[in-house]
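Order of the sequence lines sets the chain letters (A, B, ...), proteins ahead of strands, with each chain counted from 1. Not measured: the values here are computed from a predicted model.
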Number of protein chains: 2
Amino acid sequence: MATKKPKPTKTSVEAKAPSDISWQAQKSAMTRDRILDAAINCFINLGYTNVTTAKVAQAAGVSRGAMLHHFPSKTELIQAAVEYLHDKLIEDYTQRVSNIPAALQGPARRRAGVEAYWEHLTGDLFVVYHELCTASRSDPELKAILESSQQAFEQHVRESNEALFAEWKDRGERFLLAMDVTKFMMEGLAASRLMTHREERVSRLMNYLSDRLEEIFEEEESSAIGRHTKGA
Amino acid sequence: MATKKPKPTKTSVEAKAPSDISWQAQKSAMTRDRILDAAINCFINLGYTNVTTAKVAQAAGVSRGAMLHHFPSKTELIQAAVEYLHDKLIEDYTQRVSNIPAALQGPARRRAGVEAYWEHLTGDLFVVYHELCTASRSDPELKAILESSQQAFEQHVRESNEALFAEWKDRGERFLLAMDVTKFMMEGLAASRLMTHREERVSRLMNYLSDRLEEIFEEEESSAIGRHTKGA
DNA sequence: AAAAAAACAAACAGGACTGATTAAAACAGG
DNA sequence: CCTGTTTTAATCAGTCCTGTTTGTTTTTTT
């Protein structure tokens, strides 16, 4: 057929050469991807709770009937969109980490890793992910959707961090602690948009965090982790 | 009149002895308080986005018309409920801090303060507050409501912390850093319900945090704050 | 070329929600 | 007891949302 046939993305058509796939299947997969992209954009622009099937369809440039063909219920749309979001988050973090210059080594490299995570956390995708997690407290369907890929998600983050901080990955519990300290402090900070003197406080905490990370791995055993108080 | 007249709360009728206020005004104030209590309970039980005026009215045991009399729009109801929530949050934290035994001193006392904040953060009221803050990104009305009392809220938290850590309050930037490290790490942790090995990770981080707080105030100037890397 | 299947689109029905209106009950003051 | 005010309650209208049904167009299969 003489119409232009844009190549579908890998995520939508699996394990087949383009020439083996009918034009209809390609077109259908492209529609599906447009819908998922539109759903993510609606999460970002409207907030999760304001997203409706009509708005996603409009943003995707398809009719509601067409969208219902691909996702027979709103819940199935949300589920597919959340899985899609997970994929994009992983890709986003991996991309930011791979952008760190190979010439950077030692503390400068690790600081760049911390900053890459901060950029990741303050990006639209993670903001939306955080909103979904927050909304899931009172939305059992959403909670189940998020939980179903949470372990895979954490696994990938762990592997990325082990690659990024290769010199630290064999330090056992100390490594876990360092990753958690970074994660929770930065996620708490990123989530707190309503606060005074934000830039000053962000800068101070990023500096403090980088120093603590260096310390966690410099100190001897039962130092950063094991002791609870020093003699007064 | 011979009917039983329950005494209204101070929050609903201000600066007047009960005997100077008509029964009708007392009754109206009590209805208003019941509505606000019901709204907070709906935030907790249903999640902010699932709260409707019908549900709040039902939970309060009043009709929608009655509720509309007190709060002519849903926005006004939300605004009053958020201010009410702020008051309860302040009261909750103040109460938890005042429950710390006076006999506790030094690191044990400070550790108790950290744990009081953790209990505060994981309580229903703060969970709801966090959800409201998260939802406000895509809800300008809600954001304006929260911002209008954010400064007063932070002011009270700062005063509580200065009272709790009186021995540290004169340390300037170091004190601000310590409070922020505690706040953001714990808020990040409290907000992360979806994660594996939660209890183990919470325990480790709480211990680490207490140690860091002690360190921040023990080290000399340009130590915890100023340095970024140690000589490798 | 024709029939069948898939993708897409439009219309409809039912339910939920908010704000407004009207009515009833309770209260205050003379 | 009467009148006016306030509080409370019931009903209505309009809007929005989702899922279902029906119809149209495109593509695939025979």
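- Of the residues near DNA chain C, Thr75(B) and Gln24(B), the one whose nearest nucleotide (by heavy atom distance) lies more toward the 5' end is Thr75(B).
- For the pair Arg34(A) CZ and dA7(C) C1', the interatomic distance rounds to 12 Å; values are reported in whole Å.
- When both pairing distances are held under 3.5 Å, dT30(D) makes a Watson-Crick or G-U pair with dA1(C).
- Distance, Leu68(B) CG to dT18(C) P: 9 Å, rounded to whole Å.
- With rounding to whole Å, Trp23(A) atom CH2 is found 18 Å from dA5(C) atom C1'.
- Between His69(B) and the phosphate of dT8(D), there is no side-chain N or O to OP1/OP2 separation shorter than 4.0 Å.
- In this structure, the ring of Tyr93(B) has its center no less than 6.0 angstrom from the ring center of Phe153(B).
- Whole-Å rounding puts the Ile35(B) CD1 to dA9(D) P distance at 10 Å.
- Checking Glu131(B) against Thr134(A) by side-chain atom types alone, no donor-acceptor pair falls below 3.5 Å.
- A distance of 13.0 Å separates NE2 of His130(A) from OG1 of Thr122(A), quoted to the nearest 0.5 Å.
- Taking atom NZ on Lys27(A) and atom P on dC8(C), their separation rounds to 5 Å, with Å as the unit.
- Between His70(B) and the phosphate of dT8(D), there is a side-chain N or O to OP1/OP2 separation shorter than 4.0 Å.
- Taking a cutoff of 4.0 Å between a charged side-chain nitrogen and a carboxylate oxygen, Arg96(B) and Asp92(B) qualify as a salt bridge.
- Phosphate proximity of dA7(C) to Ser28(A): present, with a side-chain N or O under 4.0 Å from OP1 or OP2.
- If you find the closest nucleotide of DNA chain D to Arg64(B) and to Lys74(A), the one lying nearer the 5' end belongs to Arg64(B).
- At a threshold of 4.0 Å, the pair Glu154(A)-Arg201(B) counts as salt-bridged, since one of the basic side-chain nitrogens sits closer than that to a carboxylate oxygen.
- Residue Thr53(B) places its side chain closer to dT18(C) than to any other of dT18(C), dG19(C), dA9(D).
- Remark: P of dA20(C) and CD of Glu76(B) are 10 Å apart, rounded to the nearest angstrom.
- At whole-Å resolution of the value, CZ in Arg32(B) and P in dT6(D) are 17 Å apart.
- Here Lys55(B) reaches the OP1 or OP2 of dC17(C): one of its side-chain N or O atoms lies under 4.0 Å away.
- Side-chain nitrogen and oxygen atoms of Ser63(A) include none within less than 4.0 Å of the OP1 or OP2 phosphate oxygen of dC8(C).
- Of the listed nucleotides (dA28(C), dC17(D), dT28(D)), dT28(D) has the atom at the smallest distance from the side chain of Ser22(A).
- dG15(C) atom C1' lies 16 Å from atom CG of Asn50(B), rounded to whole Å.
- OP1 or OP2 of dT8(D) sits under 4.0 Å from a side-chain N or O of Thr31(B).
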